[in-house]
Amino acid sequence: MNFNEIKALDEGYVLQTYGRNQIAIDHGKGATLWDAGGKEYIDFTSGIGVCSLGYANETWARAVYDQAMKVGHISNLFYTEPYARLASKLVPAAGMSAVFFGNSGAEANEGMIKLARKYSYEKYGEGRAAIITLKNSFHGRTITTLKATGQDHFHEFFFPFTEGFRYAEANNMDSLLAAAGDDVCGVMMELIQGEGGVNPLEADYVRAVAELCAEKDWLLLIDEVQTGVGRTGTLFAYQQFGVQPDVATFAKGIAGGLPFGGFMVNEKCRNVLRAGDHGSTFGGNPVAAAAANVVLDTLSPDFLENVKEKGQYLRNGIAALKSSYVSGIRGMGLMIGVGVQGMSHRELKDRLMDEGLLCLTAGADTLRLLPPLVISKEEIERGLEIMARVMK
């Protein structure tokens, strides 16, 4: 099918909830994609941080095929090998105690919120359920995670929202203390605010929040949906901030392109959720778990160090452009934000796309770059060449 035929089907039968780019992607290899008309693109998006191993990865595809030919799904009323093997590798590598598997980042964050409130209820009784999140954060699209999100424009239309959230300024302990109270059970935050503009938190602030949580017996809840699974150059971003969360969520890149997510807990929280307290029909799906095992096995120390090196190489390359359109560069590993001035970030994204480079936007003025973790130096160079043409 050509682009116009695909678009016509979309407009005829699909709810128009996305502002889609005017491209129909057909296939890819590594960090390069081709559309239905055969045009080539360097991909700095990886499906919004999902396709961690890029496209047409033969090891990943073979694992998916082999597991699909054995059993595609059975339910959590039975044991299967893929999720059990995955848990046995993921949990120790993250320094945690146990994991719950679900399908998405929003679902993972919902589970983390439920756990925090049950922990507090069982220990302190009713009236201690509020969770402090940060302004400019993003935690998901469900009713509860929309309310947890610290951006006012997400708190529209879908009333009534779930109660029990308050917001503090990032990197401002006075603001967090002002939001505190006897009714608080946890603090929930992204260590790099992705949708909010790729804004890393200050390490001293994160450690101060962790110390306050330990003092108050609030749970430290870290949303690693976008920052986790090697994106920042370590398995999880918190491993570079000198803290160990009580609960941490993950999704996006964990299964390299299949829906998968979950949350991990420390020993203190291991027994909070018991049989019947939480569940997910597709959580730990054998095919998705088989894919996730390939991703996790790929993230060796050398691989993760290479992610850091490639991220620095890309940031240096953008800085070397000395473009008047760039107001700043920030991020960690292959999670990079480029401040845009002189034109809108969406206009810049569209111009780059026309020239063969796919990027994302975030916040009010940021170009967001989330390339596949396997992107080659050659593909980075080709992306930088396109940036140079468009941003000269």
Side-chain angles (χ1 to χ4, degrees), residues 16-23 25 31 33 35 39 41-51 105 134-141 146 149-154 156 169-171 190-201 225-227 231-232 252 310-372 375 379-392:
Q16 298 298 291
T17 59
Y18 298 104
R20 300 189 198 274
N21 296 308
Q22 297 303 293
I23 299 173
I25 297 299
L33 292 166
D35 69 16
K39 182 176 178 179
Y41 301 86
I42 300 299
D43 179 31
F44 280 7
T45 74
S46 63
I48 316 184
V50 168
C51 301
L134 302 184
K135 294 179 182 179
N136 211 39
S137 61
F138 180 83
H139 296 294
R141 294 279 185 174
L146 279 177
T149 292
Q151 300 184 57
D152 288 341
H153 70 275
F154 284 107
E156 299 174 341
E169 295 283 350
N171 300 318
E190 308 157 278
L191 299 180
I192 304 176
Q193 295 182 324
E195 299 285 342
V198 193
N199 300 307
L201 299 186
V225 168
Q226 191 165 153
T227 55
R231 174 55 55 186
T232 66
K252 289 193 180 291
K310 287 188 286 191
Q312 188 62 55
Y313 185 79
L314 180 51
R315 290 194 295 274
N316 290 345
I318 297 169
L321 298 177
K322 299 186 184 304
S323 172
S324 62
Y325 294 115
V326 175
S327 63
I329 307 166
R330 55 193 177 271
M332 295 170 61
L334 285 170
M335 183 175 182
I336 299 170
V338 181
V340 178
Q341 61 187 8
M343 75 171 85
S344 76
H345 58 331
R346 291 185 176 86
E347 181 183 356
L348 178 56
K349 181 264 295 180
D350 289 342
R351 290 189 184 187
L352 292 168
M353 182 174 64
D354 289 342
E355 293 296 316
L357 176 63
L358 303 183
C359 301
L360 300 160
T361 58
D365 61 358
T366 300
L367 198 68
R368 180 172 37 150
L369 312 180
L370 301 171
I375 190 169
E379 288 168 320
I380 292 174
E381 285 290 350
R382 289 163 64 194
L384 289 169
E385 289 169 6
I386 295 169
M387 283 186 159
R389 287 202 304 272
V390 172
M391 299 168 66
K392 63 183 179 181

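Nearest heavy atoms, Glu379 versus Phe44: O-CE1, 4.4 Å. Closest approach of Leu201 to Ala170, counting heavy atoms only: CD2-CB, 3.8 Å. Across all non-hydrogen atoms, the minimal contact from Gly317 to Leu384 is C-CD2, 3.7 Å. Closest approach of Arg330 to Gly197, counting heavy atoms only: NH2-O, 2.9 Å. The two residues Tyr41 and Met353 come nearest to each other via the heavy atoms CE2-O, 3.4 Å.
No salt bridge links Glu355 with Arg351; every basic N to acidic carboxylate O contact stays at or beyond 4.0 Å.
Using a distance-only test at 3.5 Å, with no hydrogens or angles considered, no donor-acceptor pair links the side chain of Gln226 to the main chain of Gly49. Of the possible polar contacts, one joining the His345 side chain to the Gly363 backbone as a donor-acceptor pair under 3.5 Å is found. Side-chain atoms of Glu195 never come within 3.5 Å of backbone atoms of Gln193 as a donor-acceptor pair (strictly under, hydrogens ignored). The main-chain N or O of Tyr325 is found under 3.5 Å from a side-chain atom of Ser323 such that the two form a donor-acceptor pair. A side-chain donor-acceptor contact under 3.5 Å links Lys39 to the backbone of Asp354. Between the side chain of Gln312 and the backbone N or O of Gly333 there is no donor-acceptor pair closer than 3.5 Å. A donor-acceptor pair is defined here as one N or O able to donate and one able to accept, closer than 3.5 Å; no such pair exists between the side chain of Lys252 and the backbone of Gly105. A donor-acceptor contact shorter than 3.5 Å links the side chain of Arg231 to the backbone of Leu334. At distances below 3.5 Å, at least one donor-acceptor pair connects side-chain atoms of Ser46 with backbone N or O atoms of Leu370. A donor-acceptor contact shorter than 3.5 Å is absent between the side chain of Asp35 and the backbone of Ile23.
No side-chain heavy atom of Val340 sits under 4.5 Å from any side-chain heavy atom of Glu347. Between Lys349 and Leu367 there is a side-chain heavy-atom pair separated by less than 4.5 Å. For the pair Leu369 and Ile318, the minimum side-chain heavy-atom distance is below 4.5 Å. In this structure the side chain of Val198 never reaches within 4.5 angstrom of the side chain of Val338, judged on heavy atoms. In this structure the side chain of Asp43 reaches within 4.5 angstrom of the side chain of Pro372, judged on heavy atoms. At a threshold of 4.5 Å between non-hydrogen side-chain atoms, the residues Asn136 and Gln151 count as touching. Annotation: side chain of Asn21 is not in contact with side chain of Leu358 (no heavy-atom distance under 4.5 Å).
Remark: Arg368 CZ to Thr366 OG1 distance equals 9.5 Å, nearest 0.5 Å. A distance of 3.0 Å separates OH in Tyr313 from CD in Glu381, rounded to the nearest 0.5 Å.
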